[in-house]
Structure formats: C-alpha cells, structure tokens
Number of protein chains: 2
Amino acid sequence: MAKDKASRRPRAETPKGFRDYFGADVTERKAMLDAVAEVYHRYGFDPLETSAVETVEALGKFLPDVDRPNEGVFGWQDEDGDWLALRYDLTAPLARVAAQFRNDLPSPYRRYAMGPVWRNEKPGPGRFRQFYQCDADTVGSASVAADAEICAMLSDALEVVGIPRGDYIVRVNNRKVLNGVMEVAGVLDPSDPAKFEAERGIVLRAIDKIDRLGETGVRALLGSGRKDESGDFTKGAGLSDEQAEVVMGFMAARRDTGAATAARLRELVGASTLGCEGVQELETIAELLDVQGYGPDRIVVDPSVVRGLGYYTGPVFEAELTFEILDEKGRKRQFGSVAGGGRYDDLVKRFTGQSVPATGVSIGVDRLLAALRAKGRAGAEAQGPVVVTVMDRDRMGDYMAMVGELRRAGLRAELYLGNPKNFGNQLKYADARKSPVAVIQGSDEAARGVVVLKDLVLGAQIAAGASLEEWKSRPAQVEVPRADLVRAVQDMLS
Amino acid sequence: MAKDKASRRPRAETPKGFRDYFGADVTERKAMLDAVAEVYHRYGFDPLETSAVETVEALGKFLPDVDRPNEGVFGWQDEDGDWLALRYDLTAPLARVAAQFRNDLPSPYRRYAMGPVWRNEKPGPGRFRQFYQCDADTVGSASVAADAEICAMLSDALEVVGIPRGDYIVRVNNRKVLNGVMEVAGVLDPSDPAKFEAERGIVLRAIDKIDRLGETGVRALLGSGRKDESGDFTKGAGLSDEQAEVVMGFMAARRDTGAATAARLRELVGASTLGCEGVQELETIAELLDVQGYGPDRIVVDPSVVRGLGYYTGPVFEAELTFEILDEKGRKRQFGSVAGGGRYDDLVKRFTGQSVPATGVSIGVDRLLAALRAKGRAGAEAQGPVVVTVMDRDRMGDYMAMVGELRRAGLRAELYLGNPKNFGNQLKYADARKSPVAVIQGSDEAARGVVVLKDLVLGAQIAAGASLEEWKSRPAQVEVPRADLVRAVQDMLS
C-alpha cells in the first residue's frame, strides 16, 4: 500500500469539495458577520464558540456501526476507541453545551455562534463540504415572545448588513397549525399520536416539495401517489379529495391582512385544540412584533412557508429577499431565502431526559453575502496598498523609511520585496496588488531630494512590458520633495 | 460492538482535550485578533482562510502506512481512499496554497491567517487539542528587508493590542551565524554538507535546551554526553572543550550595542563565508529597522535566542514580554515568549521542485491574551444587558415594547423570557447576566404610567430568595414616567 515517496512530489491541491478564501472573500464575510454580531449582542445574545470536534455520541444522528460513520459527517476513531467527528451544524453542539453546562448557564440562555461546519456529502457546483453558519438561539424559553424576538432580530440583522427595508420579508408559519389541519384531514389522532405517522410523513414531504412539483404534484402525493417523468412511482398519503383540500387550503391561507389570514386558519383547523393553539401563537407573535413597530412590511404571517415544517415543532420562520436578480440563464427571478429557523423541542432531552424548549434562526452566510454583492453592498473592488518601488537595491533603508512613514500615517503601504532588477516586474506587481499609487526614487531623484508619485488609478493599465522610460513619461505622475511624501500621497488618494 | 441505544443517554461532554469558549472568551480574543489584523492590513498583508481539512499528502510530515496516520494529526480516509486530516498549523496550508496558486498570487505574497489548528496530542492542563494561531508570512522574497518588516510589524501589533513599549522586546538571531560557528567548531564542512549531520543535530538540540539544562548541561551535551537525574545517558556531539567554547560563545555574544554584538559575532565566525553572511544580515536588519525608528528599545540583535534555530534557515525572531507576573507558586517571573518566527526555505519546493524563500511570524494567541489579562488590558468584567422583567404575563407586548425601545436607542437589553411566575428567578437571572439595570412594571405601575428602575450595580448582590417586596424596598431604585424609560436608563448607566 505504501507509495514510493521518492517517485513523485505531493500534489498541491485543496481536498475535493473544499476551497480557499482570499483577501476580500475573507474581509467581506467578516464585515457582514461583525455587523450581525453587533445586532445579536444588542439583543443580549452571548457568543459561544465550541470546538470543531465533537464525540459522535453527542452529535447524535450518526452511530458507528461496523466501520466508521460515513453518513454525512467526517468522523474517525480516537486512540481510546471513541468516535469523534467534525460538527455538521451549530445546533448539535449547542444542545451538548446546554446539557453539559445547564447548571452554569443563565436560563433562558441566548447565544449566537458563527463558524464553519462540515458535511461529508458529494460536492457540487457552489456546494462545499465546509461552509459558514451563523446561528442565534434561545434555549429554555417556551414563550412565543422568544420566537417574536428572533424574528425582530433577524429583520434588524438583514437591515444592518445592507438589505434595505422593502427588499426582504420575514415570513412566519406554525407547525401546530399544520398539525391541526392534519387532525381535520384525518391523519392525526391526538389520543394516539403514533397513528398515521407514515401518512403524516408523506404529507410533510409532499408540501415541502410544492416549489418543485407544483399544486398538481403535491395533490397527487396527498392522494394515491405520483408517477414522475422517469416513470418512478411515489406512494401517496391516501387522502381523499376533501382531506387533501384541507391541506392545500392551509398553504393557500394567506390573506391581505394578518387578521384575515388568522381567521382563515381558524376555519381550517376547526375544533383541533393544537391547531387553535397554533393560530393563537401566530396572532401573539404578530402582536408582540407590532408593538415594537415590526409590521407586515417586515414580518408577516404566511402559511405558505412550508420549508422546515417537518423539522420544527412550533413557529417556523424564513427570511426571503424579494428583489430580482438575473439567474445563470439571464432570466429574472427573486433572490429567495437567506435565513430560516423555528422552534424545536427536546434539544437537550436526548442528554438529560428533561425537555428544554428552544427556538432559533440560522443565516445562510454565503447566500446573504451573494445577495449583498448582487446589491452592490459588498464586493466593491478594494483598493490595494501604496507600493514603494526599489530602484537602487543598496538604498533599501531609504525605501523602508518611506514605507514606514506612510504606514505610521495610517496608510496601507508596501515595499516591493521581490528581486528589484526588472523594474517592469515591480509595476506588474503594483498592478496585481491593485495599488493606487507607486512611489519611485532613483539615484537621480535621491540626489535632488525628491520622489516621483505615479497615480495608478488614473494611469490605469500598465503595459506588461513597458520600460521605465515609457512609463515615467505618462501623464499621471508628479514629482514632490521627499519631505512631502506622506502629504502628497494622501492628496493623490483623496 | 454496537451498544444498546435504549440503555442509556448520550453523554453531554466536550471531547477530551477540547473546550468551549463562552462570552468574553470569544469577544476578547476577537478584539485582539481584529487589532492585529488591522496592523497586518496596513503592512499590505492580505487575509487567507484555507479550509480546516487538507490532504495528508499536502500536509506532509505524516504518511498513511497500514492504518490511519496518528502522528500528531486527526486524520481519516475518505470514500476514495485518500487520507484527509485537520491542519496542525497555518504554515503547511500556506505552502500548499503558494504552490497551487503560484500563477495567480502576487509575488512576493504577503498573507496573514488566523484560526484554529488541531493537534492529536495528549492533552494536559492548559494544553488543548484545538487552539488558535495567528500567522503572517511573506512568500517569495529572499530579501532580509522582508524579515525586518516582519519584526517591525510584530512590534506594532504588540503595541496596538495593549503591550506598551518597554514591556516587550523582539529579539533577532540568525541560523547562518550558528552555522558559521559550527564551521569554526569543526562540525560543518561547507564542501560536504551531509558530513557531521548527526553532530550538528546534537548541537542544535543541546542549545535549544539551555533554559532547562543550564550552561553545564549544554556543555556536557556538546562534549562527551550527559547523564540526567534518572541516570539515563544522552550521547554528546563529541566536541573538544575548545570547539564547545565557540558554540557557547555564540549564545553569550550579546553586547551592549548592536555594533559590539556584531563585532563579537564576526570574531566567532572567523573565516566562515556563511557565518559572515549571517552577521551581515543581522546588521542589515538592524539598519533597516533603525531608519524606521525601531531601535534596540524594541528590536534587538540577540544571539541568545536559540529557540527555533534548528527549524529556521536564516533570521530567527522571538517576541518576549519583559514584565513580571506571579507564577502559580507566587514567585515573580518574566512573562516570556508570545511570538516567534523566522526564515525558512523550501516551503513550496516539496510541491513544485522550485525553491521559494519565505519568512514569517506566529503569535501565540492564547499566551498573548493571557498577557493582556495579566496587564488588565482584557478580561475586565463585561457589563451585561438591561433586563426588562415580567410582572404580568398577559402584558408581554408592553414589556416587549420597552425592550424594543431600549435596543433601538443602542442599549443592550433583554426581556426575561423564562417562566415569570417566580419573580426571584428573574432577579437571579439578572444577576447571572451581570445586568446593570432591571426594569420593573407591575399592574400598579402600569396604571400610573410609570416604571421602576433598579440599579443593580449599586444594589449589588441580590439575595437568592428575596421577595419582591424586600427587594423593591432597597435604596438604589427610582420610579420614572414610562415615557422617560430610555433616558432614565441611560442616566443610570452613565
């Protein structure tokens, strides 16, 4: 098995599905996350940074069988035989922390977390095996005020990073209403929760596919089943047309005002206790937001939000960007979802046996950053450093003094540190660095106590092979006394 | 092997050797790294964020044999049979990136990187298997101006995070001078570099242990060998007393001025070409720093810096904090090293076959943060949020409106989201949150249009079981009109 080491060099390659982030990739994401963190902080959320590595046991969901676990996580066995794995999200580590430190943490515990997570999945275009998540959760509060707070905070966060009001909407739905609808449709029996579990699973999966399958496809899955284009048949939930009508009605229940939507939902859930509770929760959330000024222009009750309804147990939220962008085929389409969340039970129960209610939201960091770039709020070409060139290699001290002065004045500045022999390479370097100003001082200028400043923004494209003479003859350059270096560069930059 | 799932709950435990960072742990480190990044940016360094996962092949140093690699890294085999591992430092990924993107990156390439690295080592007190590194490197410059720049930048970074001038010193040494000394001592033959390799290894390991073994121990290792307290014998390099004297002289070569130190080093390296080159480099570095105002009060040539001399190939730097702290036994000692680096060859050569010179520095993030805390520059008790308490659970909207107003005014504020029944729990919560002000409004206050503000900083310790009546009777509280809430809280906080 062992390869012959001497036979070839190692490949310099990012592992499949991973990528590197350079310069502005890093700083723009950081600026966005810093702004979000500032909002979370103001809402009283505390940062938590767990380690990248968790025990597979704590992560749950995945269990080592015969070999290593390979269902979606990167895992390995440590020297004691315990299985460890990279976290696949930020919620599982929160559950572990909430259980492990339950006697030390404030209750309720508001925390935010930002950082990479890892998925052992097939990488695809734009789909990586390491990516950032940005979560905020409140653990230990059963109050829907906690859900309302998360929605308000999400709205503030979107605005603070640069999505103007009107360009986004936070939609709220509730799993309990859907459960009430299921009760009315006859696939949920409150006295026997296990009954119809298979049917409800089909219903949940069906409504989750409404975007892809359309109303007809979903109706087929709610009924006897659906044959797709390839001829494969998916078994349906077996609902009658009347039953299916109730479920379809739920997704289409949105009316012009929150009150009208709630009234329509009350009709749909009929006598279902759980359903009525769900409608009441939605009304309360809307009221609590309203008193803070978060009206339906920002946060709206919308039963058509179905994503995540299968996972969450109460309120469900989704933030959508409503402005249009051009897709890869040049067609206009709405940007779509950038964040989602909801209330989930039994976060901590796995560990302690005690039920702990929790609610939270996760921002899709890469998608939101892409949205900001689409809106011109990020991704502007960052200006590079001033580059001090080297004409005489035995006067490095003089050049270093210049760059030192510029830096002390708060300017971003570099000394060219490559081989100075070919001056053209220095200009190419300044170009690659997107440098706005090059500082030049040959022995002639040094003798006269001056420096030459080349305005590279004006001068634009430096011809690849331009000689020093050609280049110095261009217009956008000035000669200034050496003593005026900093002021003159500042002028040129302003 | 498979355990009975039903038989027990998973343990809520951080994996051995890993830890969680809460609140100020996260924000203080972030503030420090942000300040350092700002300096690096001004020097023209660009951020790079590589993925946590690398191929074992690219990481080098570790090779999969029969089983998984377990020499210091966390590694696993992916579905294609390739070995992947978590990075153990930030230099190996830089080497991979510099090779992989050599046609796209500016040359020289200045980059900084900050982030966690992982070591599969026995954890110990204060020693974790995941920790932060903060590196800055210049790849592709053979000029000692690059080394000088790193030293100046390190000095600026220490000051900007809060280590005042005079409390630190950056020391510079040079591996080439040591090689010159080895040549004079007769354990390096420039015409046959492989000769005496074993002896030189012993010399390098010996001088690296000067802190622990003292002069006598090192002399023994340079000579015939050394028996330690347990009776174990370590073979020496076999140098004669005269040869050993040259090596010891190198470490003791520091004089009052840089010029005197250089003169002493010139004596020691005699006719060695490499040695003279090394002394010349040290002199040039000192000159280049001097013209920028980095005198020996900040950066000094010091041949007693021996750490890393075995690893680096040219200049070596170390930043030490010179103020005293009390150690765990209450004795005064210098804080010691917080950063180190140097010049290393063949970073990229492993991949491309082409030699690429590089130099860089790594800041020990945890040690520097500990130093800042020791100096009172970090770790100050952070003030918690204003807590709006809940007296009437059917007036959640009123309370939420209050917290919303406070937040919009830029104040950090929370609504109590736990079960409001036991008011004492709300006060305990405010205490746990280090809240400076609690806002209280019962139905009585609501009817009169006022709120009660409790100054918790003044009021100090809230007795665990204090009843609402006892508590409200304490002095540090005021009643203000509801409309004046924000202003009154601002007054109390100022």
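Side chains are part of it too, since the values below use all heavy atoms of this structure and drop only hydrogens, waters and symmetry mates.
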Provide the closest heavy-atom pair for [X] versus [Y] in the form atom of the first, atom of the second, distance.
X: S141(A); Y: L417(B); answer: OG-O, 2.6 Å
X: M400(A); Y: L288(B); answer: SD-CB, 3.9 Å
X: A52(A); Y: Q130(B); answer: N-OE1, 2.9 Å
X: V291(A); Y: A401(B); answer: O-CB, 3.9 Å
X: R412(A); Y: H41(B); answer: NE-O, 2.5 Å

Using non-hydrogen atoms and a 4.5 Å limit, figure out which bit of [X] sits close to chain B: side chain, backbone, both or neither.
X: P108(A); answer: both
X: F131(A); answer: neither
X: D34(A); answer: side chain

Select, from [options], the one with the greatest count of heavy-atom pairs under 4.5 Å involving chain B.
options: R110(A), R393(A), E287(A), E405(A); result: R110(A)
options: G115(A), G353(A), G384(A); result: G353(A)
options: F128(A), Y294(A), Y132(A); result: Y132(A)
options: G404(A), P10(A), A413(A), P385(A); result: P10(A)
options: D156(A), D290(A), L86(A), N419(A); result: L86(A)
options: A146(A), P357(A), P420(A), A432(A); result: A146(A)

Residues that Y416(B) engages under ring-ring contact (aromatic ring centres under 6.0 Å, His included), provided they are two or more places apart: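 Once residues adjacent in sequence are excluded, the partners of Y416(B) under the ring-ring contact (aromatic ring centres under 6.0 Å, His included) criterion are Y429(B).
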Pair D80(A) + K122(B): basic N to acidic O under 4.0 Å: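 Here D80(A) does not pair with K122(B) in a salt bridge, since their nearest N and O are not under 4.0 Å apart.
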Residue-level contacts of residues 12-22 of chain A with chain B, using a heavy-atom cutoff under 4.5 Å: A12(A), E13(A), T14(A), P15(A), K16(A), F18(A), R19(A), D20(A), Y21(A), F22(A)
Residues 96-103 of chain A: residues contacting chain B (heavy atom under 4.5 Å, by number): R96(A), V97(A), A99(A), Q100(A), F101(A)
Criterion salt bridge (Lys or Arg N to Asp or Glu O under 4.0 Å) on E49(A) and K30(B), from CA distance to verdict: CA-CA 11 Å; E49(A) 188 173 321; K30(B) 182 178 181 305; over 6 Å; no
[X] side-chain N/O to [Y] backbone N/O, donor-acceptor pair under 3.5 Å:
X: E57(B); Y: R11(A); value: yes
X: R408(B); Y: Q292(A); value: yes
X: R433(A); Y: G44(B); value: yes

Note, R9(B) side chain near K349(A) side chain (heavy atom, < 4.5 Å):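 The answer is no; the side chains never approach within 4.5 Å.
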Side chains of N120(B) and W76(A) in contact at under 4.5 Å (non-hydrogen atoms): no
Just give me the residue among [options] that pairs up with chain A most often, heavy atom to heavy atom, under 4.5 Å.
options: L406(B), L411(B), T27(B), L105(B); value: L411(B)
options: G418(B), S107(B), A148(B); value: S107(B)
options: R111(B), E149(B), M402(B); value: E149(B)
options: M396(B), R407(B), E414(B); value: R407(B)
options: A142(B), A37(B), G410(B); value: G410(B)
options: A58(B), P106(B), A95(B); value: P106(B)

Intermediate values then yes/no, side-chain contact (heavy atoms from CB on, under 4.5 Å), W118(A) and V53(B): CA-CA 9 Å; W118(A) 293 265; V53(B) 179; 4.0 Å; yes
Select one option (side chain, backbone, both, neither) describing which atoms of [X] are under 4.5 Å from chain A's heavy atoms.
X: E38(B); result: neither
X: T352(B); result: backbone
X: R29(B); result: side chain

Partner set under side chain to side chain contact (heavy atoms under 4.5 Å, CB included) for E121(A), not counting sequence neighbours: R119(A), R127(A)
